[in-house]
Each structure stands twice: as C-alpha cells, then as structure tokens.
Amino acid sequence: MQQKYNPQVIERDAQKFWDEAQTFRAVETGDKPKYYCLSMFPYPSGKLHMGHVRNYTIGDVLTRYHRMKGYNVLQPMGWDAFGLPAENAAMANGVPPAKWTYDNIAYMRQQLKSLGFAIDWSRELATCSPDYYRWNQWLFLRLLEKGIAYKKTQVVNWDPVDQTVLANEQVIDGKGWRTGASVEKREIPGYYLAITKYGDELLSALDTLPGWPERVKAMQANWIGKSYGVRFAFRYNLSAAVSGGTNLPSPSGRGAGGEGRGAGKDQTPSLIPNPSPEGGREQGLLWVFTTRADTIMGVTFVAVAAEHPLATHAAKNNAKLADFIAECKRGSVMEADMATMEKKGMPTGIFVEHPLSGEKIEVWVGNYVLMGYGEGAVMAVPAHDERDFHFAKQYGLPIKPVIDVSSQTFATQAWQEWYADKEHGNCTNSGKYDGLNYAAAVDAIAADLAAKGLGEKQVLYRLRDWGVSRQRYWGCPIPIIHCPACGDVPVPDKDLPVVLPEDCVPDGSGNPLLKRDDFINCACPRCGKPAKRETDTMDTFVDSSWYYLRYACADNGSAMVDERVNYWLPADQYIGGIEHAILHLLYSRFWSKAMRDLGLVKLDEPFKNLLTQGMVLNEIYFRKPALPSPPTPPSLTPDLSPGGREETSAYLLPSGEGSGMREGEGGVEAPARAGAVAGTGRITYYNPADIDVTVDAQGNRGGAVLRADGQPVESGGIGTMSKSKNNGVDPQSLIEDYGADIARFYMMFTAPPEQTLEWSDASVEGASRFLRRVWNYGVKISESDNTPIAPNLRNITRREIHSLLKQANYDLERHQFNTVASATMKMLNALERLLGVDDAVVKEGMSILLRVLSPITPHITHQLWRDLGYGDDILAAPWPEPDAAALIEDEIDLVVQVNGKKRADLRVPRDADKPAIEAAVLAHAEVQKFIAGQPVKKVIIVPGRLVNVVI
RNA sequence: GGGCGAGUGGUGGAAUUGGUAUACACAAGGGACUUAAAAUCCCUCGGCGCAAGCCAUGCCGGUUCAAGUCCGGCCUCGCCCACCA
C-alpha cells in the first residue's frame with residue numbers, strides 16, 4: 001500500500017469503484033427494510049457553498065450508516081432549477097436562463113460527485129425539465145377540477161423590484177422576502193391553491209410527527225394560526241344617518257371561491273348568509289370576529305379597518321375621514337413599529353345596534369384593525385382588550401368592565417394584565433350572563449346570537465390560500481388558454497406539457513413571454529378559434545412541493561407517480577435548513593395531502609423525520625471609511641451585528657443551508673437589497689483568509705491586520721458566510737487542497753448537525769492530521785510488527801474499543817455525529833498506545849474503527865479496508881456491534897464521595913455486594929480522614945458507579 | 001408584545017439523561033528529533049493556593065445523599081411570529 005496518505009488518488013479510485021459497481025443504484029426489491037434519506041435539493045446557483053457540503057454530508061453519513069446496518073437505502077439528488085437568479089444572470093450576461101441553469105447544474109453535479117456522496121444519480125431530476133414540470137401542469141389541472149385551484153382577482157403583494165406577485169408568506173415585515181423591497185398592493189388576477197381547506201389537518205397532523213423538531217412544529221402551528229371564537233353582526237341602517245342612499249358593497253373579504261382572508265372559515269360553513277351586495281344598500285350587517293364573546297356586553301364602540309367598506313362609505317361625505325383613511329393605507333406597510341405604533345382613529349358618524357343589548361354603538365376607523373384578518377372589523381371592549389383600552393383612553397370613549405376577577409378592583413387609570421385574563425373571571429354587569437365563566441358565557445352568548453340569526457361560533461385561521469401565479473419567465477407555464485369566446489380553458493392533458501421556450505433572454509422589462517407570439521398564440525381547445533396562452537408561470541415553490549415523490553419514479557414517462565412512491569415514501573429522514581420551516585415544508589405537506597385525496601399516493605405526511613442543520617459561520621472583518629459619511633454616520637451597527645436583520649435573511653446567504661429553495665445569491669449578484677446597500681456602501685469587507693490575528697501567550701485573541709498592507713482591520717464578530725460580508729470559504733478549494741474526506745470529517749466533527757458551525761482553518765488542519773494518523777497506522781499494520789503486547793493491555797484496549805463503539809452507535813442513532821467522530825479518534829488513541837500491531841486485538845479494533853469512520857470519510861476507509869485485507873468493499877461489511885463480553889470487567893472502579901464530594905476511587909470486584917462495598921469504603925483511609933469521627937448517617941450505593949457517604 | 005432555544009476553559013464542544021464537570025480536538029507554552037524548517041512524537045494547560053485544600057457550568061433561591069442536568073425567579077444572547085381581534 002501507499003506509504004503516504006494521498007487523498008486525491010484514494011478518492012478518485014474509490015469513486016471509480018462505486019461508479020463501476022453501480023453501488024448506489026437503489027431498487028425496490030428485497031426483504032430489507034427501506035430507508036429513504038432525502039436532502040433538500042439545491043438551487044443551481046453556480047457552485048456549491050459550505051451549507052450544501054454540510055447538508056449533504058449529514059445525509060450521506062445517515063445513508064451509508066443505514067446501508068451498512070442492513071437497510072435498502074435511497075439517497076437521490078436533483079435541482080430546484082426554476083427561479084429568478086437565472087433571469088438576473090441572463091440580464092447580466094445576455095445568456096438565456098436555460099443555458100445558465102444547465103451549465104451550473106453540470107458544474108455542481110461534478111462537485112457533488114467529487115465529495116463522494118452515495119447518491120443514486122439515475123434518479124436525478126431538474127424542475128426546469130419538461131419531463132418534470134409537465135406533471136406540475138397535469139396536477140394543477142386536477143386541482144382545478146377539484147376546486148382546490150381557482151382563479152380570482154385580488155389585491156396582492158407586488159414586489160416592484162422582481163416585478164412579481166408574492167404570497168403572504170413571502171412578505172416579511174412588509175418587504176419582499178428575496179429583494180427586501182417594500183411591497184406594494186396591486187389588484188391582479190391569478191390562480192390560488194386552497195391550502196386553507198387543509199388548515200385543520202395541517203395543524204392537527206403535526207402531532208403525528210414526533211420526529212420533527214418542536215421548533216418547526218411550533219412555527220407551523222403559529223403560521224396556521226387557528227383560533228376559536230364567535231362571528232357575529234351589528235345591524236345598521238344608513239338611511240337614518242346618511243342622506244342619499246349609496247350603494248354599499250359587501251366587505252371584500254367574503255364572496256365566492258374561498259378567498260384568502262379568513263378562508264379557514266371553510267372549516268365551519270356559515271349558516272348565516274353574508275351581507276349580499278344587494279342587501280347592503282341602506283340596511284346591513286357589520287360582521288366582526290372575536291375570541292372574547294364573553295365580553296360582548298362591554299362593547300362601547302366598533303373599530304373597522306381603513307379599507308373596510310363602511311369606512312369607504314363614511315368617507316364619501318367626510319373629507320377629513322378620507323384623508324385619515326388614505327394616511328392609514330400609506331402607512332400600512334410599515335413594519336415592526338406597527339405593534340408599538342400610536343393607536344389612531346376617527347369616528348365615522350355611523351351607528352350600529354348591539355345585537356344583544358340593542359344599544360347604539362358608534363363605528364370608528366382604527367389604524368390597528370387589519371383588513372386582512374377576520375372581518376376587517378372588531379368589537380371594541382376597552383375594559384378587556386389592551387389595544388381597545390389605549391384607543392378608548394386616547395379618544396375619551398367609555399370603558400365598561402364586564403369581567404369580575406375576585407380580589408381585583410378595576411380602575412380605568414392604567415391597563416392591568418388581569419383585565420384580559422379569561423381564565424379567572426366571571427361575567428358581571430352583563431345581565432343574564434352574570435356569574436358565568438368564560439366557556440359558559442361564550443356558549444350562552446353564541447346561542448343567543450344564533451337564535452337571532454346574528455352570529456355563531458367560528459374557527460378562524462390565519463393561514464391564507466396560496467397564490468401561485470408569477471409574472472415571471474423562468475418557471476413552469478400555467479396550462480390555461482384564454483379564449484375570447486370560451487373564457488379560461490384548461491389545456492387538455494394530451495397537449496401537455498406546455499413547453500416553456502428556452503431561448504428567451506429577459507431584459508428586465510417584464511415577462512419576456514409577452515413578446516413571444518409563437519408561445520402566446522394558439523387555438524382554443526374548446527372552439528378551435530384563435531386564443532392566447534396564459535403567460536404567468538407557477539411559483540417555484542410548486543416545483544419543490546413534490547420533487548421528493550418524483551425521485552421514486554423519475555423514469556416514468558406516462559404518469560406523475562406510481563407504486564414505487566408508496567414503497568419509498570414517506571422519507572425516513574429529511575435534511576435541510578431551518579429557513580424552510582414554514583414555507584417549503586408546509587407547502588409540501590399540503591401537496592402530498594392533496595395528492596392523497598386525488599387518490600395518487602397513499603401518504604399522510606411526506607417526511608417522517610426532519611433534521612434542520614445549522615448554518616456555517618465565519619469571522620467578519622471590515623474597515624470603515626476614512627471619513628465619516630454624512631448621510632449615514634452611525635448606521636454601521638445594524639449591518640455588523642451578526643444577528644441583525646441582514647444576517648438573518650438566510651434566503652440570501654449562500655451558507656444558508658442546503659436547499660436554495662430560493663436563493664438570491666449564487667453565481668450572480670441578486671438585485672441589491674435596499675437595507676444592505678444603505679448601510680454598507682462605504683464599508684469594505686475583507687475575507688478572513690486574508691487577515692492575520694495576533695494571539696497572546698494565553699491564547700487570547702488580539703488585534704487583526706490585513707496581511708496585504710499590515711494595517712489593522714475591525715472585527716465584525718461572527719456571521720453566516722455571505723457574499724455581502726465577504727466571509728465565504730469556497731468548498732472547491734477545500735476539496736482541492738485537502739480532499740473530500742477531510743472536508744467531510746471537519747464538518748461532522750466540529751459541531752453537532754443542528755448547531756451553527758464556525759469555520760476554522762486550524763480545525764481543518766486538525767481533521768487532516770487525524771486522517772493522516774489513521775493512514776499511517778494502517779501502514780504500520782500492513783508492515784506487521786512483532787513487538788509483543790502485554791495481555792492485560794490487550795484486554796483493556798479491547799474493552800475500550802467496544803465501549804467506544806457502544807457509545808458511537810448510540811450517538812449515531814441520535815444524530816450526534818461530532819461525538820461519533822471523536823469516538824473514532826479515541827479508538828485510534830487507544831490502539832496507538834499498544835506498541836506492537838501484529839495482534840488480533842489490533843486487527844479487530846482497526847476493523848471497528850474503519851467501519852465507524854466510513855460513513856463520515858468513505859474514501860480512506862474504503863482503501864484501507866482493502867489494503868489491510870478485510871475485504872473488497874467496506875460497504876458490504878456488517879455494521880459493528882459491541883461485544884458484551886468484552887465490556888465486562890472483573891474489577892470496577894467506584895467513585896467514593898463524602899457528602900457529595902469526590903474523595904477517593906475504590907477498586908472492587910464486579911459482583912461485590914453492598915455490605916462488602918460499604919465496609920470497604922468506610923475502611924478507606926481517605927474516607928476515614930473526612931469522617932473524622934463524626935457519625936455516618938447514610939451510605940448511598942449506586943451499583944457500578946459510585947458510593948456517597950453522608951455524615 | 002407572544003412563542004421557541006441557548007448560556008460550560010483562550011476556542012469548537014463533551015458529560016451514558018440526576019451520579020467523577022471540562023471527554024475529543026483546536027489554540028497556546030515547553031521539550032525531543034533536525035544544520036534548519038516542515039512533518040512527527042512527548043509533556044503542561046479552568047481559577048486561587050507552597051501545600052492540604054477551596055472556588056468554578058450566566059445570576060439568585062429551592063428540591064435532593066448528590067444539580068451543568070429538575071423546580072421557581074431574574075439577566076443576556078439568538079431565532080421565529082407579531083396591532084391576529
């Protein structure tokens with residue numbers, strides 16, 4: 001065998017071996033249990049980043065481990081290949097997105113292969129391939145037939161930079177999730193998927209996912225936002241207050257087709273007709289939703305959103321109110337300070353009638369009422385709702401307490417926490433409801449409202465339907481044809497796929513498909529007359545909502561899915577970034593449930609276990625501008641804090657995690673994020689590789705200087721690797737300099753998978769040193785060494801190896817790979833303590849070490865396994881299990897404590913009984929010294945572990 | 001404002017889930033080999049103390065023979081959600 005560890009040669013040979021033997025080809029046969037190991041597929045941005053390496057190494061460790069444990073394993077790979085970065089690249093370079101994307105895929109595929117992942121490449125897919133997206137289109141048509149997909153015109157979130165519609169989930173703090181640009185409201189027709197119909201199941205089924213992190217489940221539950229309450233109405237009669245009866249439209253939140261807002265209402269079909277446009281001319285019903293129906297007798301006013309029809313109506317004859325409404329609408333995109341924003345409002349002059357007391361109640365426009373949730377109107381109970389309280393104080397509106405919490409006295413001076421407590425109060429001042437607790441009051445009040453036809457209990461969801469139309473070119477065409485005579489006509493199945501022209505070059509002026517007459521012009525499938533094709537494409541989250549199913553049957557040209565899907569799914573392990581906790585994972589869960597209900601798959605949940613890996617971080621170094629810049633003097637801080645807004649937008653950062661379900665940065669600079677540019681304009685960031693840091697004798701870090709000029713730079717702490725901070729490390733150079741095994745070992749050893757991983761060149765050297773030691777030890781064994789080993793040392797070493805193995809197996813099961821790696825280091829330490837190597841214990845120990853190490857560093861272990869004569873293929877070897885007999889010791893060490901402090905060790909026979917141990921402990925000189933004549937109260941013996949003497 | 005998570009040496013991180021705190025590494029210091037360097041190997045390495053010993057897992061209490069781990073109350077940091085009625 002080779003004297004020197006040469007990763008490049010070893011890795012090339014091992015990969016060739018696996019390739020030729022088609023080792024990782026997965027088949028659906030045999031009686032082994034299946035194990036489907038899935039990693040979030042990457043966006044082909046140009047080249048791999050460290051987050052990819054980490055993500056896929058975790059997956060590969062699990063894949064190889066389970067394979068050796070005797071599972072029938074599938075680990076596939078594909079490309080999330082539609083999306084905006086390709087269009088941006090096209091604009092920058094004049095290359096069609098298709099060519100850019102396919103080139104990137106080719107390069108990144110080669111990178112993945114050089115890392116030696118045990119991937120079944122025969123199942124590779126790319127979402128931009130017609131073979132793939134035809135099934136997007138096919139399923140879209142099925143969903144259309146079922147009413148799960150539908151078209152409507154709605155006010156949508158419009159990203160002015162990307163020139164496209166965003167789903168609510170894609171708007172973060174009023175800004176586009178990718179561009180950071182302030183989102184505008186626009187009224188645009190588009191297609192929606194009724195994910196709200198699944199709101200209840202998506203929520204309750206979270207309980208069937210014990211293998212998911214609690215954090216992710218909490219985020220999803222929070223997002224679905226189920227709340228129980230009562231929907232009820234206040235009657236009004238406008239003719240009394242307003243002259244000249246006006247046409248009052250119904251609140252736009254209700255109507256045909258399960259629209260976004262409050263769409264979870266589908267769960268509890270309303271018995272009460274909505275206010276119809278016809279009925280709402282002069283007399284009407286003002287609907288509200290409340291979770292605190294028990295406080296209904298404390299209503300002193302009603303607040304409606306600025307966009308509410310009643311507000312619009314009232315503003316017609318009230319210029320000041322109209323101004324106020326306009327102001328609210330302008331300010332509505334403001335973000336975090338919304339919660340703390342001053343409560344503002346104006347009276348409308350409209351009065352409504354309390355449904356139970358008959359009181360006249362004034363309607364106000366309130367800037368704290370959201371049109372997008374519930375009814376866009378709320379009953380205001382200042383005594384028991386904090387916002388209503390502040391609002392009432394501000395405008396001198398009455399505050400009427402109707403909940404009595406014994407031992408507390410209500411006072412209107414300042415808000416108290418207990419005013420909103422529904423657990424400990426009973427109704428008071430509420431007529432017939434006095435004395436009832438929360439649940440009883442809600443029941444009684446809901447019943448009374450229902451009897452009057454003015455209300456009922458309702459379950460409300462925060463979740464909205466998913467708008468999937470995008471005014472983009474590089475995506476899956478929506479299979480609809482617009483016919484002047486027949487309207488919107490679905491493309492017949494036989495004409496699928498609607499193929500996207502691949503030679504367009506976007507120029508930034510809208511969707512280039514609009515200029516492609518050859519694409520647009522077609523015949524109506526229904527009447528045959530000339531018609532126009534839909535040019536909107538699907539949200540790329542559609543592509544990624546089912547790719548994990550297609551891996552099971554990627555070669556099926558005649559159906560979207562087949563029986564093999566039921567064999568492999570659900571995925572036994574899904575691995576990816578936490579940034580997809582809500583969007584991608586919720587959409588995927590919805591999608592598989594929808595496909596289940598179409599009879600296509602037998603699947604309730606697609607991902608049995610979920611592992612969210614941590615981000616890869618690195619130091620940040622920068623220099624401020626020489627002179628303070630007038631416009632943004634102190635604005636450095638937000639940009640530099642690692643936890644600042646910029647840093648947290650994982651979507652943009654290449655180190656973010658494996659799957660760029662949507663990555664802004666990649667081979668091409670994304671459109672500038674407003675925030676990033678404003679703060680960083682004059683700051684120069686330096687790559688940590690070009691920085692020297694001084695370290696004092698205690699190992700404390702000192703100042704940092706730029707190596708090129710020797711001048712100091714400032715430290716910006718630690719943050720995710722990103723282009724904007726210039727602190728990325730290119731995996732390609734890591735692989736070229738050190739090899740795949742060292743890169744993989746470093747990734748696994750440095751931090752547990754779910755935690756962040758701080759980059760350190762020195763630690764990479766450490767990983768390299770260890771693998772060299774493994775190799776050198778292999779060389780030593782192969783050369784044989786007849787130095788005898790003392791028999792007692794052999795037993796100790798063997799016991800040590802097997803107990804390390806036991807721990808490593810435990811840690812593998814709980815996915816704590818850093819301690820698995822350290823166990824292999826300890827094994828080598830133990831073996832190296834033996835002088836000779838020509839020994840059965842060494843041979844056995846090395847075979848265990850190599851097998852435990854092989855999922856992490858498959859190449860070096862493959863080669864050593866063969867060179868040392870263990871066999872042809874380490875992957876075919878069984879996973880090692882600890883030998884129980886080797887773990888047994890004749891004598892064991894007990895820790896001896898006095899009053900809980902360790903004072904001595906005591907060696908006793910393994911089977912010593914308690915009285916014997918106690919006697920031996922009490923006789924021990926150290927123990928005697930601490931007892932010092934005091935009476936012994938108690939002796940606690942933990943078998944095999946420790947003895948505590950209490951005095 | 002709500003939810004979740006974290007805080008252990010100079011650093012990354014261990015701790016068999018209530019039982020020897022700081023495993024395994026990195027960095028640092030010392031030494032061996034070498035003409036020298038690299039590589040490799042050996043030693044030291046939480047703090048105070050000459051020592052016996054004492055003090056240390058963000059802070060303050062509690063439960064327990066025994067607490068990094070459990071309970072209560074704070075502090076700090078991170079992430080997610082947020083005028084959600």
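Just so you know, these numbers use all the heavy atoms, side chains as well, and skip hydrogens, waters and symmetry mates. The chains referred to below are lettered A, B, ... by the order of the sequence lines, with proteins before strands, and numbering in each begins at 1. As the structure is a prediction and not an experimental result, all values here were calculated from the model.
- With a 3.5 Å ceiling on both atom-pair distances, the Watson-Crick or G-U wobble partner of B:C74 is B:G58.
- Under a 4.0 Å N-O distance rule, the pair A:Arg215/A:Glu754 does not qualify as a salt bridge.
- Contact annotation for A:Lys902: base contact, defined as any heavy-atom pair under 4.0 Å involving a base atom.
- In terms of phosphate contacts, A:Lys929 brings a side-chain nitrogen or oxygen within less than 4.0 Å of OP1 or OP2 of B:G53.
- Rounded to a whole angstrom, the distance from the P atom of B:C42 to that of B:G10 is 26 Å.
- Among the atoms of the strands shown, only primed sugar atoms or phosphate atoms (P, OP1, OP2) are found under 4.0 Å from some heavy atom of A:Asn829.
- Under the Watson-Crick or G-U wobble criterion, with both distances below 3.5 Å, B:A38 is left unpaired in every strand shown.
- The cationic group of A:Arg903 lies under 6.0 Å from the six-membered ring centre of A:Phe930 and within 45° of the ring axis, placing it in a cation-pi geometry.
- Taking 4.0 angstrom as the limit, A:Asn899 places none of its side-chain polar atoms (N or O) nearer than this to OP1 or OP2 of B:A66.
- For A:Arg772 and B:U40, the shortest distance from a side-chain N or O to OP1 or OP2 is below 4.0 Å.
- At the heavy-atom level, A:Val896 lies nowhere under 4.0 Å from the strands shown.
- Ring geometry for A:Phe232 against A:Phe234 counts as tilted: the plane angle lies between 30° and 60°, on a 0 to 90° scale.
- Scanning atom types as modelled, one donor and one acceptor separated by under 3.5 angstrom connect the side chain of A:Arg945 and the base of B:U16.
- Of the side-chain N and O atoms in A:Gln897, none sit less than 4.0 angstrom from OP1 or OP2 of B:G19.
- OP1 or OP2 of B:A15 has at least one side-chain nitrogen or oxygen of A:Gln816 nearer than 4.0 Å.
- At least one side-chain nitrogen or oxygen of A:Lys901 sits closer than 4.0 Å to the OP1 or OP2 atom of B:C55.
- Across all strands shown, B:G49 remains unpaired; no Watson-Crick or G-U wobble contact has both distances below 3.5 Å.
- The phosphate of B:U16 (OP1 or OP2) has no side-chain N or O of A:Arg814 nearer than 4.0 angstrom.
- If you check every strand for non-hydrogen atoms under 4.0 Å, A:Lys806 touches nothing.
- In this structure, A:Lys457 and A:Val442 have side chains that are in contact, with non-hydrogen atoms separated by less than 4.5 Å.
- The separation of B:G68 from B:A15, taken at their P atoms, amounts to 15 Å, rounded to a whole angstrom.
- Rounded to whole Å, the separation between the P atoms of B:C77 and B:C71 comes to 24 Å.
- Scanning atom types as modelled, one donor and one acceptor separated by under 3.5 angstrom connect the side chain of A:Asn948 and the base of B:C65.
- For A:Lys806, the NZ atom counts as loosely surrounded, since its 6.0 Å shell holds 12 or fewer non-hydrogen atoms of other residues, nucleotides or ligands.
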